[in-house]
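The figures here come from the full heavy-atom set of this structure, side chains too, leaving out hydrogens, waters and symmetry mates. Residue numbers begin at 1 in each chain, while the letters A, B, ... track the order of the sequences.
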Amino acid sequence: MSPGLTAPRGTADVLPEQAAIRLRVEQTARELLEAAGYGRIETPAFEATEVFTRGVGAATDIVEKEMYSFDDGGGRSLTLRPEGTAPVCRAYVEHGMHKLPAPVKLYYLESFFRAERPQAGRYRQFWQVGAEALGSEDPALDAELIVLLHQLLTRLGASDLHLRLSSLGTPAARSEYRDELIDYLRANSDRLSETVRDRIERNPLRAFDADDPSTGAVMEQAPRLLDRLPANDLEHFAEVRRLLDSAGVAYEIDTTLVRGLDYYTRTVFEFTSDELAAGQSTVGAGGRYDGLVELLGGPPTPGAGWAAGVERIILASPAEAEPPPAPDLYVAHDGSRPAAFNLALDARAAGLRAQLELAGRSLKGQFKHAERLNARFVAVVDDETVTLRDRSAGSERVVAHGDVVAAVKQALEA
RNA sequence: GUGGGCGUAGCUCAGCUGGUAGAGCUCCGGGUUGUGGUCCCGGCGGUCGCGGGUUCGAAUCCCGUCGCUCACCCCA
């Protein structure tokens with residue numbers, strides 16, 4: 001590796017072979033989401049920092065330590081987007097989309113930036129495909145979103161998927177529950193493991209995941225958020241589950257499921273894959289965020305959505321790189337460059353995949369290259385005629401310059 | 001931010017009891033060949049991550065540093 005310039009930590013070049021795999025993810029997402037009425041939205045790569053401090057939550061890890069923020073030179077703080085939901089909601093408000101028939105269904109396929117230590121499946125610049133639907137609190141919207149994500153992951157071949165599902169209620173209910181849980185943990189802190197004890201205030205819900213047996217015993221008796229939700233939230237959640245049941249999407253209720261962003265309300269869900277490393281097995285996740293639009297200065301507007309990591313989808317899928325499409329025609333020459341040049345252009349104009357010798361190879365080298373590319377036909381051009389070889393048939397014949405394209409097309413259609 | 005592993009040609013690596021760098025693959029050329037695929041020959045390509053130390057001499061030992069990677073935290 002040369003000691004000079006390399007891609008910054010946590011970023012990666014996507015070379016053609018990988019790009020082909022990503023293209024498949026993008027095409028599948030696009031077909032699936034557009035068929036469900038989602039329209040593509042692209043927002044700027046950076047936003048006013050406030051979009052995230054207000055939208056995502058000032059006390060979240062993302063805002064506290066993972067944002068790439070910079071001064072724009074005029075005293076304003078801008079931030080490379082670390083996630084997609086807040087910017088989409090900002091755009092929704094800015095363009096008065098609440099006047100549009102609800103729900104407004106949007107999807108995006110963009111890169112995001114977080115200043116974390118990279119590891120398998122986690123990068124500083126990463127791509128997410130996401131869907132957001134604004135203006136409706138119908139549980140069918142939640143269910144449809146979950147089904148869409150499930151279909152996307154399944155179609156792309158993500159293996160060993162698990163759907164975890166829960167409901168968080170309103171922010172007020174959640175915050176009340178959180179206080180209750182903290183009190184409970186404090187009261188039993190002598191039986192908790194050190195790591196759990198250390199993060200009682202920071203992230204009490206993580207206590208449910210602890211491996212330590214003593215902690216586990218404490219947590220079995222701990223209050224559960226689902227038991228604290230008001231009736232209308234429980235009914236909403238029940239309806240989401242009914243729809244998922246009828247759609248045949250398997251899930252597991254996980255009362256300890258919390259998303260790392262403040263804006264979630266009611267339904268939250270997460271797809272994990274056993275294919276991924278333990279620490280970051282989440283392939284896609286999302287939920288409802290009924291207060292977010294208002295938080296960003298818009299009218300009270302319910303909403304729900306999800307995002308899935310493109311790199312993680314690929315890691316979770318037994319993705320095999322497909323070879324690039326083979327040329328129909330490879331134009332070789334031994335000095336008749338203008339004739340060869342024009343033949344390649346004519347062939348492309350006629351709709352053929354055609355490549356031309358561009359590296360000054362010997363004639364033998366050109367044949368080797370045509371072999372490597374797996375070109376169906378090789379045309380050896382000289383000033384008078386063209387020798388056209390059909391590699392699949394092993395035959396060749398001499399034709400006039402002007403007849404090559406027609407001959408190739410005719411053979412391909414046969 | 002914390003901890004482990006690793007850093008020799010474009011790629012995969014050997015060289016690890018110190019003596020100024022090798023192989024395979026790839027790529028290019030030549031020969032053979034049905035103007036290609038096999039086989040043979042040759043060639044291009046390396047500040048041994050970087051800096052310092054020990055030594056007559058270090059890719060090889062010691063220290064530092066940077067980078068990559070995996071994990072923790074947390075997340076897509």
Mate of [N] where both pairing distances stay under 3.5 Å, Watson-Crick or G-U:
N: B/G42; answer: B/C28
N: B/G1; answer: B/C72
N: B/A21; answer: none
N: B/U54; answer: none
N: B/G36; answer: none
N: B/G67; answer: B/C6

*Between A/Phe271 and A/His162, does the ring centroid distance fall short of 6.0 Å?*
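So the answer is no for these two rings.
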Could you go through residues 35-46 of chain A and list every donor-acceptor pair under 3.5 Å that involves a side-chain atom there, pairing it with any protein atom two or more places apart or in another chain?
unit_1: A/Arg40; atom_1: NH2; unit_2: A/Leu109; atom_2: O; d: 3.3

Taking the side chain from [X] and the backbone from [Y], do they hold a donor-acceptor pair closer than 3.5 Å?
X: A/Tyr184; Y: A/Val218; answer: yes
X: A/Lys409; Y: A/Ala350; answer: yes
X: A/Arg191; Y: A/Ser214; answer: no
X: A/Arg197; Y: A/Ser189; answer: yes
X: A/Arg178; Y: A/Glu201; answer: yes

Which part of the nucleic acid does [X] contact within heavy-atom distance under 4.0 Å: base, sugar-phosphate only, or nothing?
X: A/Glu116; value: base
X: A/Phe112; value: nothing
X: A/Ala370; value: nothing
X: A/Arg361; value: sugar-phosphate
X: A/Arg9; value: sugar-phosphate
X: A/Gly130; value: nothing

Protein heavy-atom contacts under 4.0 Å, written 5' to 3' over nucleotides 30-44 of chain B as B (base), S (sugar-phosphate only) or - (none), form the string SBB-SBB--------
Using whole Å, what does the distance between atom [atom2] of nucleotide [N] and atom [atom1] of [X] come to?
X: A/Gln119; N: B/G5; atom1: CD; atom2: P; answer: 17 Å
X: A/Glu66; N: B/G1; atom1: CD; atom2: C1'; answer: 12 Å
X: A/Glu110; N: B/A76; atom1: CD; atom2: P; answer: 16 Å
X: A/Arg124; N: B/C75; atom1: CZ; atom2: C1'; answer: 14 Å
X: A/Glu311; N: B/C75; atom1: CD; atom2: P; answer: 18 Å
X: A/Ile62; N: B/C74; atom1: CD1; atom2: C1'; answer: 9 Å
X: A/Lys65; N: B/C72; atom1: NZ; atom2: P; answer: 13 Å
X: A/Arg22; N: B/A76; atom1: CZ; atom2: P; answer: 18 Å

Using the [atom1] atom as the point on both nucleotides, what is the distance between [M] and [N], in whole Å?
N: B/C68; M: B/C75; atom1: P; answer: 24 Å
N: B/A59; M: B/G46; atom1: C1'; answer: 11 Å
N: B/C56; M: B/G18; atom1: P; answer: 15 Å
N: B/G49; M: B/G42; atom1: P; answer: 29 Å
N: B/U38; M: B/U33; atom1: C1'; answer: 9 Å
N: B/A76; M: B/G4; atom1: P; answer: 29 Å
N: B/C13; M: B/U8; atom1: C1'; answer: 9 Å
N: B/C11; M: B/G1; atom1: P; answer: 28 Å

Donor-acceptor pairs under 3.5 Å, side chain of residues 379-389 of chain A to any protein atom, not counting sequence neighbours: which ones?
unit_1: A/Asp382; atom_1: OD1; unit_2: A/Glu384; atom_2: N; d: 2.8
unit_1: A/Asp382; atom_1: OD1; unit_2: A/Thr385; atom_2: N; d: 2.8
unit_1: A/Asp383; atom_1: OD1; unit_2: A/Ser336; atom_2: OG; d: 2.7
unit_1: A/Arg389; atom_1: NE; unit_2: A/Glu396; atom_2: OE1; d: 2.7
unit_1: A/Arg389; atom_1: NH2; unit_2: A/Glu396; atom_2: OE1; d: 2.7

query: Does A/Glu137 CD have over 12 foreign heavy atoms under 6.0 Å away?
result: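 No.
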Is there, by distance only and without an angle test, a donor paired with an acceptor across the side chain of A/Arg122 and the base of B/C74 below 3.5 Å?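 Looking at the base of B/C74, it does pair with a donor or acceptor on the side chain of A/Arg122 (distance under 3.5 Å).
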Has the side chain of A/Arg312 got a donor or acceptor atom sitting under 3.5 Å from an opposite partner on the base of B/C75?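 Flag set: donor-acceptor pair detected.
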- Between A/Pro8 and A/Gly284, which is nearer to the 5' end of RNA chain B once each is assigned its nearest nucleotide?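 The 5'-side residue here is A/Pro8.
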By nearest heavy atom, map A/Ala120 and A/Val283 onto RNA chain B; which one lands nearer the 5' end?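 Nearer the 5' end of the strand: A/Ala120.
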Problem - N/O (side chain, A/Arg372) to phosphate O (OP1/OP2, B/C28) under 4.0 Å - result: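 So the side chain of A/Arg372 is within the cut-off, an N or O lying under 4.0 Å from OP1 or OP2 of B/C28.
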- Query: Would you say A/Gln280 reaches B/A71's phosphate, i.e. side-chain N/O to OP1/OP2 under 4.0 Å?
  - Reply: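 Checking A/Gln280 against B/A71: at least one side-chain N or O falls below 4.0 Å of OP1 or OP2.
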Exercise for the section: Apply the test side-chain hydrogen bond (donor to acceptor under 3.5 Å, both in side chains) to residues A/Thr79 and A/Glu47: give CA-CA distance (whole Å), side-chain angles for both, the deciding distance (0.1 Å), then the verdict. Expected result: CA-CA 6 Å; A/Thr79 295; A/Glu47 295 274 351; over 6 Å; no
